[in-house]
**Student:** 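Structure below; questions to follow.
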2 protein chains.
Amino acid sequence: MEHVNVDEEPSATLVYRVERQVFDEEYVSSQLLHTKERTPKTIGQRVAEQFRCSSEKAKSVVLSLLPILSWLPSYPVKEYLFGDIVSGLSTGVMQLPQGLAYALLAAVPPVYGLYSSFYPVLLYTFFGTSRHISIGTFAVISLMIGGVAVREAPDSMFPLNGTNVTGLVDIDARDARRVQVAVALTTLVGLIQLFLGILRFGFVAIYLTEPLVRGFTTAAAVHVCVSQLKYFFGVKTKRFGGPLSVVYSLIAVFKDITSTNITTLIVGLVCTVFLYGVKDINERFKKKLPIPIPGEIIVVIVSTGVSYGMSLSENYQVDIVGHIPAGLQPPTIPDFSVLPNLVADAVAIAIVGFSMGISLAKIFALKYGYSVDGNQELIALGLCNFASSFFQTFAITSSMSRSLVQESTGGKTQIAGLLSSLLVLLVIVAIGFVFQPLPQTVLAAIIMVNLLGMFKQVRDIPALWRTSKIELTIWVVAFVASVLLGLDYGLLVAIGFALLTVIYRTQSPKSVILGQISDTGLYCDTDEYEEAAECSGIKIFHSNSSIYFANSDLYVNSLKEKTGVDPTQLLAERKSQQKRAKTKSGEKKDSSHSPAQKKNAVAKLDVELGVAHEVLDEAQKQVDALSNGQVAEAQAESDSEEARFLQPLCPVHSIILDFTPVNFMDSVGAKAIKAIIKEYATINVRVVLAGCNRTLLSDLRTLQFFSEPVTPDIIFPTIHDAVLHCKHRGGCRSCPAVE
Amino acid sequence: MEHVNVDEEPSATLVYRVERQVFDEEYVSSQLLHTKERTPKTIGQRVAEQFRCSSEKAKSVVLSLLPILSWLPSYPVKEYLFGDIVSGLSTGVMQLPQGLAYALLAAVPPVYGLYSSFYPVLLYTFFGTSRHISIGTFAVISLMIGGVAVREAPDSMFPLNGTNVTGLVDIDARDARRVQVAVALTTLVGLIQLFLGILRFGFVAIYLTEPLVRGFTTAAAVHVCVSQLKYFFGVKTKRFGGPLSVVYSLIAVFKDITSTNITTLIVGLVCTVFLYGVKDINERFKKKLPIPIPGEIIVVIVSTGVSYGMSLSENYQVDIVGHIPAGLQPPTIPDFSVLPNLVADAVAIAIVGFSMGISLAKIFALKYGYSVDGNQELIALGLCNFASSFFQTFAITSSMSRSLVQESTGGKTQIAGLLSSLLVLLVIVAIGFVFQPLPQTVLAAIIMVNLLGMFKQVRDIPALWRTSKIELTIWVVAFVASVLLGLDYGLLVAIGFALLTVIYRTQSPKSVILGQISDTGLYCDTDEYEEAAECSGIKIFHSNSSIYFANSDLYVNSLKEKTGVDPTQLLAERKSQQKRAKTKSGEKKDSSHSPAQKKNAVAKLDVELGVAHEVLDEAQKQVDALSNGQVAEAQAESDSEEARFLQPLCPVHSIILDFTPVNFMDSVGAKAIKAIIKEYATINVRVVLAGCNRTLLSDLRTLQFFSEPVTPDIIFPTIHDAVLHCKHRGGCRSCPAVE
């Protein structure tokens, strides 16, 4: 068996050999293990450590706050620069149309999308830790901002002065107000992100589990898509917000479908088909193309030309982008008066934005073997949003589609991002006005085609159905809640639901009876595996969950059900048996009453005091003493009360609770286990605990779990220890019963 | 060692002996274990089973719905009857004053408290499964009803007609309306309880964990106490409801403290002192007294007499109970128009009421060895509330104080409850009017003294501080939220918080590195215990939690921190080492470049493909082949890049993840573990999993966890198996490195 054929099947020849005495916790804690002496640090020492100042520490703080300082000095120009330039230009060319388009989603004039594609991108170069993500406008965030802007500055607030026609809106005043709201919201989002980052709260993103994010973003895609329909068809409906806005928007669009502007629709359709085709070609010939075909900018340029040439706006009433001011705007202080209404939205946007950014950043970091710092990313995003908002931008994060282009075209560092922002700057300053004739339907087409990836997430449903029903439920709840309640409440409901599934998992443990696989010391489910054999008289109960208030009752119930040993029931049966036996023996012969009654009294004591075995031992001694004189009599009536009393209430003498899956227990759980031990003691069944880990043991000690009847000698380090102990003990006990 | 001294120290002599080959999951699942064939039941069979009709089944359904049928026929008259009569009369004598007093809390005239002490108690005799609890009015529930009644029928709704004085209230109209509200609420509570019971939702009570209930009831005691102050001082302030009502009430009472009615205060104080004294005597001489002294009824009778004799109401303006109609009222249909406003309150009252009842019932059931059925209790309570509400009662549950009296005076069955309800009936029908002169301050005194037990729960705080900080937090949150926000919102917040603590526990696992206790096959914390020794080159990581979305990041981080092996960092170090070495060797001699570069290329491949060991094997072969010719050269420069490449990146060759505490994993967790395995493979560290239970394994299989690089041969049934395997493998691997 030993060390033969090492090269061919190494594990087959390795021998697992353990030979030692059976341990229980009493022995383990008093003899086997000795706690290491540790001098805990005083609070003073800890504070001193925390606040120790050194140039090294200062340097590392500066480096962590300004990551650019750590990589720019050693930037390998000839290796990286070319890739970064190509990547920067490709990404910049995408920033332009996306910036214009997502501004529509954010319910602000298109030029603000360009601003948002410049300032934050520039800032991120200095503060970001990811080398590959492309910061800028993002559909879901833009839509959330748009929802808030429309809610805070609805059409009805801006009636057109000087006319009596109702329904006409002072669009300039409305848009100015919406910009104010969007900018103030962005300031707040930035502040929240900064704040969370400084407090090292980067972990909040973990609550957005993947199925939740995917369900949520699919719902966002639905919202975006519905909100773009009106531009696509060229119908004029108001924008809805709040719960059920999707339904209202759809109804409004289809009510007005007769007023569809055919030219708009045709332009939109053509653009969509073209963009989709380009996207498809880019996917298909990914490896052959040096850089992806910039379909979006082509569409924008061509359609701007066509629109200008054919005067689509005047001749065909096609809605166009309209006035784009040249140059940048001076910094202004956001209007803080609206802030109180925006806190909840800002929190939602801050968290969603961050979680989108960090998840992308992590994917690239893993791929290229560097690390991103969640908290620094949060600080970077916060700074980008906060500082930029003074220059009239709306909130940004990283965009999947652009980041993929930035990476695939050879981008190695955020120099690419820097270049793309400079390209946007150039357009803003020099040639922004040329986009004025661009039809809005083209932007809608760009948005829609970009959403295709998100809609593909619906394919998660069958996949999740096969792998995990719980995660499927999270996906569906996130999707349905976000579609119907809006993205903000939807997110809240989805997070709450996702957390509840964790509780649910602890409440629906799988409970099984374990059996031994002979000669291995291993135990597994007797229902599932042929080889698992129960030891006679011993039930090993395993339930894969911790035990605490919300499942301790379930634990107890399933213990009774699975082991088939229910003390209450057995005691009731015994009582009725005793009663029947008493009546019977009373009828038969009144003379032989005294020994039977003595034993009944003992049995009663046994039940009432819960010190079953000691009493039983005594009873057995009495029986032994008596039996000499009454052997003949006792054998004559084979089903008499003596026999019934001597025979154990049930064939099980020991129950082993497998505590390996128990990670924590609260006082309710501890009480439940104690009650179980006491309850089973009344029917003379010993309950022992196996496989407690030492953390749990010390928790139980603080919970004062170890007092009568729970003593350290009922706790065993492994199931096998417990089984060996119970077998031995059971053997002793059952001897007289078997006779 | 074997079976010596069996009687003295049985466990010390037992031997744990296992000798077998080392198993991995590949062997276990293919060779060792065979799944049992089970023919799953068809849906048809299951439906048939579910709906099979038999006289036996019908009988058991009837018996479970009407538990009285199972115990009354076999009622042992001569054994039980005397105890039940004594107990019934003692309890009934308590029902009277408590019914009158708690009606004040429920903001309805006192007589409705008497009704509530009759009908439901009578009904519970038929439907209840507990033999010892005393159903009837209960302070917390009454207060919750009162809160709703006042909210729905505030004083301001009932200005007194015919006068111009503001602030005067048409008390009759107001009280009539409050009764309507309370009754409708009770109907709804009953319906909800019935509904939950029929759906077998009895488990909802488990969410009310003990610290939560105790914090909540202590808060309720504060509310009750504050609400009674005005009766105690005899000042007239309005009743507040909703958040911060405690603060408003206190302010209102102390503002008006100058108008205290001294007579009222004196009567109240005398009663309080007397009641407290009686309570104390009853506690102290529990065993000597045949029945507890009925202090409450004595106080009621004496003070009624005094009040009548001295005409306290007329002469001293002491508020008295006032008109008590004689006889019962005909059944009426509750006013359902208010129901929509009451749903949330009704749910809260239904759950609190049930959880109070069931927890008491379980305590007695455990003590006397019978079982109570949670769902049937819910149905019973629901029926009591629902049916009784047609007779103008308010919601009830069991009361701790009365139940203890019912049990201690010898009550054996609900015959005692029946008798107590009949006593109340007698009072209602015959002599109710005699209580008319009873001062309200006496009732306030009764309520306050009964609350003492609840206030004593404050002592939980130091006890919980010692045993469990988390449960202390639950207590405090439940208390503070319930005091400040009111009982309804407070309960909601407390339940939400209690559930979040479960999430928190999974997110703050204790992570340790395990070491072997030599020759035992046991592993424990190396930081904690002297005997735990790490095997060289192997790190065993243990974190006592399941792995899922909200903690997978934490798991990975603490793994890297505890093992001290961080692939990203090591790779970065290696890269910089390589770079330095390259520059150095380049300077030294350009001729010996080719083998070094070859190896660098291999190293790069190694990193990028993540198939570390195969590549390394190849590299080693190359090195072996090369070394013949270049031995001298290699030995000459001992710190050259070859040596640095050959020496493993870190002294650890294997990491074992102890999966025994992992009860479930979701797709996020599975991906995280997979990513870890891949990441460590890049630095040639093998990650294996030990101690997965079989339920988790089958979950992982559905999660499609087993695909490259995760194969069943990296999964071991125990840590010891994994250690033996890794030792063997590590030995093989490290041979060439050590040379």
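Chain letters run A, B, ... following the sequence lines, proteins first, then strands; residues in each count from 1.
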**Student:** Would you mind telling me which of A/Ser545, A/Pro717, A/Ser667 has the largest number of heavy-atom pairs within less than 4.5 Å of chain B?
**Tutor:** A/Ser667
**Student:** Would you call the rings of B/His720 and B/Tyr523 parallel, tilted or perpendicular, taking 30° and 60° as the class edges?
**Tutor:** tilted
**Student:** Give, as side chain, backbone, both or neither, the part of A/Asp553 having an atom under 4.5 angstrom from any heavy atom of chain B.
**Tutor:** side chain
**Student:** Between B/Asp666 (side chain) and B/Phe549 (backbone), is there a donor-acceptor pair under 3.5 Å?
**Tutor:** yes
**Student:** Name the region of B/Ile517, side chain, backbone, both or neither, that has any atom closer than 4.5 Å to a heavy atom of chain A.
**Tutor:** side chain
**Student:** Under a 4.5 Å heavy-atom cutoff, which of A/Gly691, A/Ala498, A/Gly374, A/Gly496 has the most pairs with chain B?
**Tutor:** A/Ala498
**Student:** Is B/Tyr548 close to chain A through its backbone or its side chain, or both, or neither, when contacts mean heavy atoms under 4.5 Å?
**Tutor:** side chain
**Student:** Go through the atoms of B/Leu500 and report whether side chain, backbone, both or neither lie under 4.5 Å from a heavy atom of chain A.
**Tutor:** side chain
**Student:** Using non-hydrogen atoms and a 4.5 Å limit, figure out which bit of B/Leu499 sits close to chain A: side chain, backbone, both or neither.
**Tutor:** both
**Student:** What part of B/Ser698 lies closer than 4.5 angstrom to a heavy atom of chain A: side chain, backbone, both or neither?
**Tutor:** neither
**Student:** Would you mind checking which part of B/Glu471 comes under 4.5 Å of any heavy atom in chain A, side chain (CB onward), backbone (N, CA, C, O), both or neither?
**Tutor:** side chain
**Student:** What part of B/Ala365 gets within 4.5 angstrom of chain A, counting heavy atoms only: side chain, backbone, both, or neither?
**Tutor:** neither
**Student:** Which bit of B/Gln569 is near chain A, if near means a heavy-atom gap under 4.5 Å: side chain, backbone, both or neither?
**Tutor:** neither
**Student:** Measure distances from B/Tyr207 to the heavy atoms of chain A and classify the residue's part below 4.5 Å as side chain, backbone, both or neither.
**Tutor:** both
**Student:** Side chain, backbone, both or neither: which part of B/Thr695 has a non-hydrogen atom closer than 4.5 Å to chain A?
**Tutor:** side chain
**Student:** Taking side chain as everything from C-beta outward and backbone as N, CA, C, O, which of these in B/Ser552 sits under 4.5 Å from a heavy atom of chain A? Side chain, backbone, both or neither.
**Tutor:** neither
**Student:** Working to the nearest 0.5 Å, report the span between CG of B/Leu696 and CZ of B/Phe659.
**Tutor:** 7.0 Å
